[in-house]
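See below for the structure under consideration.
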Amino acid sequence: MNDLTSHAMNGVSVAAQLNNPKTVRAWYMYDWANSVYSLVITTAIFPIYYKAVAVTNGSDQVQFLGFTIQNSVLYSYALSFSFLVVAAILPLLSGAADYTGKKKTFMKVFVYLGSLSCIGLYFFDSIDMLEWGIACSILASIGYSGSLVFYDAFLPEIVSKDRFDATSARGYSMGYYGSVILMVICTVMILNFEPFGFANDGEATRFSFLLVGVWWIGFSMIPFAILPENPYGRKPTGNIWTKGYEELRMVWRNLKSQQDLKRYLAAFFFYNMGVQTVMYLATLFGTDVLHLETGSLIATVVIIQLVGSIGAWLFARVSQSQGNRFAISTMIIIWIGICIGAYLTVNAYQFYALAFVVGMVMGGIQSLSRATYSKLIPRDTNDHASYFSFYDVTYNLSIVFGTFSYGFIDHITGSMRYSALALGLYFVIGMIILYTVNSAEIRKQRI
């Protein structure tokens with residue numbers, strides 16, 4: 001049954017339809033659309049291709065903008081830079097989006113930027129195009145991360161609070177299913193390039209980047225067509241950037257008095273630093289430390305995606321009975337074990353086992369983190385994009401620090417094993433802070 005919820009905000013009566021199945025399904029489809037970037041570009045195929053192309057006379061030391069740097073370190077630094085850019089620009093953009101009511105318009109800009117940049121990676125065909133490849137990977141990352149703040153902000157506008165956990169988990173599950181489908185298509189095409197008309201596997205691999213861009217932008221048309229446009233009926237006047245900044249300042253002032261929300265953001269910063277770094281750089285760990293073949297790495301990634309959907313569903317159920325804080329803390333403990341396990345891993349079978357465990361907690365911790373933040377946002381606000389900008393800035397800054405520290409430790413020690421072990425400390429700090437968040441909203445399910 002659809003619920004009709006009315007809010008009185010700033011003297012304006014706003015009606016927003018919640019739990020509409022058509023709208024919720026359309027929202028899921030953006031996870032389906034964008035997750036192919038997360039899997040093919042950031043996790044699986046592109047890192048392997050990058051490591052094969054970004055070499056100079058067989059050496060991992062490459063020239064970039066006049067500097068000599070190891071290729072894996074350059075890649076981790078490039079990711080850090082992209083998330084730093086997003087963290088810098090999103091607050092102002094989200095304020096403008098809330099003021100104008102045009103979250104979907106801002107989301108479209110980042111989707112187009114990200115998908116077209118993936119298509120641009122098709123032209124990264126040699127070490128001579130290294131700068132182009134790094135630039136496209138940075139812009140694709142900005143497009144992906146930038147779109148999420150506006151996408152996530154739709155969650156409290158399309159479903160009631162009792163459905164946040166399940167809806168968020170279902171979105172991530174849809175993303176895993178969609179990304180695996182395209183991943184399998186790309187893998188078959190790369191391993192059997194001749195029947196598909198490609199001269200070599202490198203050309204087929206670059207074509208897979210083009211497919212990611214087309215898939216991303218193509219399926220995004222579904223949420224673009226169905227998600228509500230300006231659901232609060234806002235009619236902006238004056239300079240949208242000035243007003244957007246004022247909107248953001250208002251949310252910031254409110255945020256300062258909401259202790260649980262601030263503590264949760266601090267906890268999220270630390271544990272997400274570990275989660276995202278593992279996701280972004282696990283493939284490089286497999287190639288550099290364990291020297292796994294491409295087929296083994298791709299199989300590992302597929303395992304993670306398939307198990308991830310199960311984990312998202314499982315921990316959504318745990319949160320319903322025990323509360324979000326308990327569910328997230330349980331997963332953090334498992335993540336600490338994963339970091340220790342990575343340090344001790346010496347062969348492919350251990351790596352597969354570790355990947356299975358990563359998959360079980362990866363989907364769950366991402367979906368519940370989003371749902372938990374949605375529960376902590378004040379009920380009487382319609383500035384969802386501005387509130388979510390602080391969540392996504394925290395998300396992006398955590399990746400900046402995580403990927404940078406991972407690359408830096410690798411750089412000074414010469415081993416990613418120490419980088420993986422160091423990530424465990426971030427999880428420990430995150431769990432300690434999480435237990436200072438005392439809101440009943442996340443300690444027990446409220447219906």
Side-chain angles (χ1 to χ4, degrees), residues 5 7 9 18 87 90-91 94-95 98 148-149 152-157 159-169 247-276 315-333 335-336 361 364-399 401 426-447:
T5 304
H7 304 278
M9 300 172 187
L18 299 180
L90 270 189
S94 63
D98 271 335
L148 290 180
V149 65
D152 291 342
F154 277 106
L155 180 60
E157 296 178 1
V159 293
S160 52
K161 184 166 290 192
D162 58 297
R163 302 191 185 188
F164 284 176
D165 292 351
T167 303
S168 184
E247 197 87 16
L248 186 68
R249 283 189 62 192
M250 180 183 67
V251 171
W252 173 248
R253 286 195 297 268
N254 293 337
L255 186 65
K256 288 195 292 186
S257 64
Q258 296 161 20
Q259 295 300 318
D260 280 333
L261 201 58
K262 288 195 301 182
R263 290 178 184 136
Y264 176 71
L265 284 175
F268 176 69
F269 172 81
F270 282 101
Y271 75 71
N272 191 62
M273 198 186 306
V275 171
Q276 297 301 322
F315 283 100
R317 296 292 296 270
V318 172
S319 71
Q320 288 176 353
S321 61
Q322 302 296 324
N324 295 56
R325 190 174 72 174
F326 176 85
I328 293 175
S329 297
T330 300
M331 287 185 283
I332 289 176
I333 292 171
W335 276 105
I336 294 170
V361 291
I365 203 162
Q366 290 185 103
S367 64
L368 278 185
S369 293
R370 177 169 65 186
T372 302
Y373 187 76
S374 297
K375 290 181 179 181
L376 293 173
I377 293 175
R379 294 187 180 186
D380 60 349
T381 185
N382 59 3
D383 293 320
H384 296 120
S386 292
Y387 269 100
F388 263 100
S389 75
F390 290 105
Y391 175 83
D392 282 270
V393 165
T394 303
Y395 172 92
N396 286 289
L397 285 178
S398 69
I399 301 177
F401 282 93
Y426 302 147
F427 286 109
V428 171
I429 297 172
M431 187 167 67
I432 292 172
I433 299 174
L434 181 63
Y435 265 88
T436 67
V437 182
N438 294 313
S439 171
E441 297 285 358
I442 69 168
R443 287 190 288 110
K444 61 182 179 180
Q445 184 70 15
R446 293 176 58 170
I447 309 241

Point to revise | Exercise: identify the closest heavy-atom pair between Ile433 and Arg263 | key: CG2-O, 3.4 Å

Review point. Between Tyr435 and Arg325, what is the shortest heavy-atom contact and its length?
Key: O-NH1, 3.6 Å

Review point. Taking Tyr264 for the side chain and Ser369 for the main chain, is one N or O donor matched with an acceptor at less than 3.5 Å?
Key: yes

**Study point:** Verdict with reasoning, Thr372 to Ile328, per side chain to side chain contact (heavy atoms under 4.5 Å, CB included)
**Key:** CA-CA 9 Å; Thr372 302; Ile328 293 175; 3.5 Å; yes

Exercise for review: Compare all side-chain heavy atoms of Leu155 with those of Arg370 and state whether any distance is below 4.5 angstrom.
Suggested key: yes

Check your understanding: Of the non-hydrogen atoms in Ile365 and Met331, which two are nearest, and what is the gap between them?
Key -> N-SD, 3.3 Å

Check your understanding: How many angstroms lie between atom OG1 of Thr330 and atom CG of Leu368, to the nearest 0.5 angstrom?
Key -> 10.5 Å

Check your understanding: Quick one: which of Phe270, Phe427, Tyr426, Tyr271 gives a ring-ring contact (aromatic ring centres under 6.0 Å, His included) with Trp335?
Key -> Phe427

Practice item. Would you please indicate if the ring centroids of Tyr395 and Phe269 are separated by under 6.0 Å? Key: no

Exercise for review: Mind running side chain to side chain contact (heavy atoms under 4.5 Å, CB included) on Thr394 and Leu265 for me, showing each step along the way?
Suggested key: CA-CA 7 Å; Thr394 303; Leu265 284 175; 3.8 Å; yes

Practice item. Could you check Gln276 against Gln366 for side chain to side chain contact (heavy atoms under 4.5 Å, CB included), going step by step and ending with a plain yes or no? Key: CA-CA 9 Å; Gln276 297 301 322; Gln366 290 185 103; 3.6 Å; yes

Review point. Ser398 and Asn272: which non-hydrogen atoms are nearest, and at how many Å?
Key: OG-ND2, 2.8 Å

Point to revise | Lys375/Asp165 under salt bridge (charged side-chain N to carboxylate O under 4.0 Å, His left out): CA gap, chis, key distance, verdict | key: CA-CA 9 Å; Lys375 290 181 179 181; Asp165 292 351; 3.0 Å; yes

Study note, to complete from the structure: What one should report as the nearest heavy-atom pair of Leu376 and Leu261 is CB-CD1, 3.2 Å

Practice item. Run the ring-centre check on Tyr373 versus Phe268 and record whether the distance is less than 6.0 Å. Key: no

Review point. For the side chain of Thr436 and the backbone of Ile432, is there at least one donor-acceptor N/O pair under 3.5 Å apart?
Key: no

Check your understanding: Which heavy-atom pair separates Ser367 from Ser168 by the least distance, and what is that distance?
Key -> O-OG, 2.8 Å

Check your understanding: Would you say Thr167's side chain and Phe164's backbone share a donor-acceptor pair under 3.5 angstrom?
Key -> no

